[in-house]
Amino acid sequence: MTATGTFGLSTEARNLQWLLGNLVEEVPGLRSVAVVSSDGLLLLSSDPALTAAAPAGPARHGGPRGSSADLATIVSGIGSLTIGAAQLMDGGGVKQTMVNMDEGSVFVMSISDGSLLGVHAEPDCDMSVVAYHMALFVGRAGHVLTPELRSELRKSMESAL
């Protein structure tokens, strides 16, 4: 069992929120960031309106609808599509996907057990910096994102909505 601290979240949940906050603060050009479970539910968000204990940091430019919930839907769909494509091509597991558009980019990276990290970035972002910091987040978060923690984060997001 995990100790519950401020905001009613366990230490592990607060640590993941802190890691997400660091990602948002340290990488210029990020619009929104979302951690999505394997079943497509939003677990963590850079959107203060959706996070009970939002990570501190400067306000970020919103996406088309300004919502990490929209990003979570997109990330889940991209993740599903690329996993299916990899299976059809006998390509193994999908590690990272990038969609580069005229007005921005979407990056999706596998975390663990089907969970995904998604980032919506400005069109002039440094893609290598974004990918590097995403990989750092995945490396730090992957081993702590247990089924129990995913359940806690899901409940926290549901109560924030």
Side-chain angles (χ1 to χ4, degrees), residues 13 15-145 149-150 153-154 156-157 160-161:
N15 286 343
L16 279 179
Q17 287 181 332
W18 180 82
L19 283 173
L20 185 85
N22 274 355
L23 175 66
V24 171
E25 288 177 24
E26 292 179 10
V27 182
L30 297 189
R31 291 181 175 170
S32 60
V33 180
V35 175
V36 182
S37 67
S38 60
D39 52 358
L41 297 175
L42 184 60
L43 299 177
L44 279 175
S45 165
S46 64
D47 188 347
L50 294 176
T51 306
R60 296 290 175 180
H61 177 271
R65 295 194 177 99
S67 173
S68 295
D70 292 335
L71 178 60
T73 302
I74 293 164
V75 166
S76 179
I78 289 172
S80 179
L81 180 65
T82 56
I83 289 169
Q87 289 172 346
L88 285 172
M89 296 179 189
D90 294 326
V94 177
K95 296 178 182 180
Q96 181 179 358
T97 305
M98 187 190 83
V99 179
N100 193 6
M101 303 167 285
D102 289 339
E103 298 301 321
S105 297
V106 174
F107 301 82
V108 179
M109 195 173 283
S110 299
I111 299 176
S112 65
D113 296 335
S115 297
L116 301 166
L117 171 64
V119 169
H120 180 207
E122 298 283 339
D124 60 347
C125 74
D126 186 332
M127 292 182 213
S128 62
V129 170
V130 173
Y132 173 75
H133 281 277
M134 287 178 71
L136 287 178
F137 180 92
V138 166
R140 293 173 181 155
H143 67 283
V144 296
L145 199 53
L149 185 55
R150 284 193 301 274
L153 292 169
R154 186 177 301 132
S156 171
M157 289 303 267
L161 294 173

Heavy-atom side-chain contact between Val108 and Leu117 under 4.5 Å: no

Any side-chain heavy-atom pair of Arg154 and Leu43 under 4.5 Å: yes

Euclidean distance, Ile78 CD1 relative to Thr73 OG1, rounded to 0.5 Å: 11.0 Å

Any Leu20 side-chain heavy atom under 4.5 Å of Val33 side chain: yes

Side-chain heavy atoms of Phe137 within contact of Asn22, under 4.5 Å: no

Under 3.5 Å: donor-acceptor pair, side chain of Ser110, backbone of Val94: yes

Nearest atoms (heavy-atom pairs only) where Cys125 meets Val130: SG-CG2, 4.0 Å

pair Leu16-Leu149: side-chain heavy atoms closer than 4.5 Å: yes

Pairwise distance CE(Met157) to CG(Leu42) - rounded to 0.5 angstrom: 3.5 Å

Pair Arg150 + Asp39, salt bridge at N-O below 4.0 Å: no

Backbone N/O of Met101 and side chain of Ser105: donor-acceptor pair under 3.5 Å: no

His120 and Phe107, any side-chain heavy atoms less than 4.5 Å apart: no

Sub-4.5 Å side-chain heavy-atom contact between Gln17 and Leu44: yes

pair Met134-Val119: side-chain heavy atoms closer than 4.5 Å: yes

Donor-acceptor contact below 3.5 Å, side chain Ser76 vs main chain Ala72: no

